[in-house]
Number of protein chains: 2
Amino acid sequence: MRPKLTDVAEKAGCSPTTVSRVINNHGYISQKTKDKVFAAMRELNYQPNTLARSLQGKQTKMIGMIVPNITNPFFAELVAGVEQTLADDGYRLLLCDADRDSDKEHRYLQMLEANQVDGIITGSHNLGLEEYQRVGLPIVSFDRDLSDKVPIVTSDNYHGGCLATQALIDAGCQDIYFVGNPSKTGNPTTKRFLGYMDTMASAGLPSHTARSAFYESPLAKSMAMRELLQSDRKLDGVFCSDDLTAILLLKQAQRLGIRVPEDLKVIGFDGTKLVQTYLPELATIVQPIGDLAALLVKLLYERIADPDKHLDKNSYVMPVKLLRNQTI
Amino acid sequence: MRPKLTDVAEKAGCSPTTVSRVINNHGYISQKTKDKVFAAMRELNYQPNTLARSLQGKQTKMIGMIVPNITNPFFAELVAGVEQTLADDGYRLLLCDADRDSDKEHRYLQMLEANQVDGIITGSHNLGLEEYQRVGLPIVSFDRDLSDKVPIVTSDNYHGGCLATQALIDAGCQDIYFVGNPSKTGNPTTKRFLGYMDTMASAGLPSHTARSAFYESPLAKSMAMRELLQSDRKLDGVFCSDDLTAILLLKQAQRLGIRVPEDLKVIGFDGTKLVQTYLPELATIVQPIGDLAALLVKLLYERIADPDKHLDKNSYVMPVKLLRNQTI
DNA sequence: TTGAAAGCGCTAACAT
DNA sequence: ATGTTAGCGCTTTCAA
């Protein structure tokens, strides 16, 4: 049987209260008893039971994080960043892979509530605002506006879209396509798309979108891109809404014998360490994933410390960086 | 304030016990009271407090998973698989990214214990057996022998090594290198290496290893591989201990104008969905990640159900598959 | 500086 | 079929 507080008290020859005080470093205790208690704790290999502790209304030191898909390198790196920050502060991470499934996301939210997590970071957005409001927990959102009560952290997607497009224009492209799915309102891609549109307009260039079926499987995406490249439409530059899509495009171009960057210039978006390392030639817009993670956590801590504090600022937009590379 | 059991009881006009019984569907209760209780629960939007529940010695329905690095697509996919299986059974996943840091892994183990998780899946192996034994929790291990008390799940790394090597031989290679770090005993790479060695010996071919600095950064790896390719050593085939390493090798080969597969054939190991999708030309040995995840969870459930049950089998080796592709 | 007692929200005997 | 009571392991008044 695991030793408990009373066992330590008995061994140290004092009351449970005293042991509790020592553990929490709370109130006045003589150095002598402190030592005795620590000795007893060590001897019994005592570990406080977090459950019992949290039951008193204390924090559980657990944070729930909901992501659409941990298998996507971007979210893997975001989770890694969050996890690392949390671990440093003694928090644990409950990972929820919502898998683009709103039912699952809904169940997760319930679970997290039942589990009494101290707060939630959500990067998945299948659910409406109401669901999140109903949960009376501190929440911080990544990339999506939930309400003015919920801080939102995001990269500067609009500016990223501008940067990417301008980079293609500067490289001499005339017929530039946007590849992605800008239609679903409220998602970050839309902002990237707007940046593209505005930049094209400023340059006096016509904009083109290849949006078909981009929420579909990579295979479907590949097919769509192949068609795009094979069609008789003129195009010499493509801004992909994310790096993975860009990789598929590069692959299709290669198969069709289209030279990059001579015949076609390509730029992506996200700039994960993984892609930067294993596909270093891809030009992209780099999101500051580590900073995003750190900020998400920091804001959540603030919400936890004071859930009702007025937010002087509800939206945090982090700067992105253009990474010039060979595909451009 | 969140409603509690007694609130529901009051509203339903019955005792807390009855409510508890309804929730847990335990013992005999009339349909009438059941209905009343459910109505009250709904009305108050009642959510049982898992903490209080678990304090009675019930399960926490939380599983801890320790991985070396979630940023590695292999582990991302393994975690995704585990998470999915667990979620289906109402379990939550506490993710621990040990980051090749044995101190951190040690702290994690303590945390998981303090958090009273029902069990642990560990895929990270910085820690010795003792640490894991000390924790009195059901444990299942991925890829590493901890003790005969701990079930271990792994892919057939040895056979994978044989398959990969044989594939290179069949493709006509004579001078085949193994690239990876086989020295650290007990890690899966060693088995892959052994498969390579044995297969080479059987074919009467001499074996070569490029093992320098493979626990280092991708950049260091790249440098090492560049040197290997530039040296005057003859080589026409390389078996990389994992896909990511293979990608680096391919990149260096490309830069040096070495044609793959004409001048050099390459095969990797792991076969994540990510790499299969975004680098479909890479030949590799595919680990059945989904099956591995499912088995890990299944075995853990068994351990949880009966921690002391004799293990008629302690080691589970899952079959791997050769994926023939253009790099070979 | 320390201890006794009550209670966090729930469940599990033991009654009835 | 339902209620009473005690207690999970800890913290927190309140008292000494």
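Chain identifiers are assigned alphabetically (A, B, ...) following the order of the sequence lines, protein sequences preceding nucleic acid strands; residue numbering begins at 1 within each chain.
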Engineer: In whole Å, what is the span from the CG atom of A/L44 to the P atom of D/dG9?
Structural biologist: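 Going from CG in A/L44 over to P in D/dG9 covers 14 Å.
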Engineer: Please state how far atom CG in A/L55 lies from atom P in C/dC10, giving the value in whole angstrom units.
Structural biologist: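 After rounding, the reported distance stands at 9 Å.
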Engineer: Using whole Å, report how far CD1 of B/I23 lies from P of C/dA12.
Structural biologist: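 Computing the B/I23:CD1 to C/dA12:P distance gives 12 Å.
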Engineer: Does a side chain donor of either B/D88 or B/Q84 reach within less than 3.5 Å of an acceptor in the other side chain?
Structural biologist: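 No.
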Engineer: Report yes or no: do B/E105 and B/S124 form a side-chain donor-acceptor pair below 3.5 Å?
Structural biologist: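 Yes, a side-chain donor-acceptor pair sits under 3.5 Å.
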Engineer: Report yes if the side chains of B/Q59 and B/R53 come closer than 4.5 Å at any heavy-atom pair, otherwise no.
Structural biologist: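 Side-chain contact under 4.5 Å: no.
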Engineer: What does the B/S/- profile of nucleotides 1-7 of chain D look like, 5' to 3', with a 4.0 Å heavy-atom cutoff to protein?
Structural biologist: SBBBB-B
Engineer: Atom OH of A/Y46 to atom P of D/dG9: distance rounded to whole Å?
Structural biologist: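 Taking atom P of D/dG9 as the reference, OH of A/Y46 is at 10 Å.
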Engineer: Given C/dT11, is OP1 or OP2 found less than 4.0 Å from the side-chain N or O atoms of B/N24?
Structural biologist: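 Answer is yes, contact under 4.0 Å.
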Engineer: Mind calculating the distance between CG (A/D7) and P (D/dG9) to the nearest angstrom?
Structural biologist: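 In whole Å, D/dG9 P lies 9 Å from A/D7 CG.
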Engineer: Just how far, in rounded Å, is P of D/dC10 from NZ of A/K58?
Structural biologist: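 So the two atoms are 13 Å apart, to the nearest Å.
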Engineer: Verify the neighbour count for atom CD of A/E10: are there more than 12 heavy atoms of other residues, nucleotides or ligands below 6.0 Å?
Structural biologist: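 For A/E10, atom CD is not crowded (no more than 12 foreign heavy atoms under 6.0 Å).
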Engineer: Got a sec, which residues hit side-chain hydrogen bond (donor to acceptor under 3.5 Å, both in side chains) with A/Y46, two or more places apart in sequence or on another chain?
Structural biologist: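 Counting only residues at least two positions away or on another chain, A/Y46 forms no side-chain hydrogen bond (donor to acceptor under 3.5 Å, both in side chains).
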Engineer: Nearest to the side chain of A/A52, heavy atoms from C-beta on, is which of D/dT12, C/dT11, D/dG9?
Structural biologist: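 Within the option list, the nearest is D/dG9.
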Engineer: What is the distance from CZ of A/R53 to P of D/dC8, rounded to the nearest Å?
Structural biologist: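 About 19 Å, once rounded to whole Å.
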Engineer: Decide whether B/T17 and B/S20 meet the rule of one side-chain donor and one side-chain acceptor closer than 3.5 Å.
Structural biologist: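 Side chains of B/T17 and B/S20: no pair found under 3.5 Å.
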Engineer: Atom CG of A/L5 and atom P of C/dC8: how far apart are they, to the nearest Å?
Structural biologist: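 The distance from CG of A/L5 to P of C/dC8 comes to 19 Å, rounded to the nearest Å.
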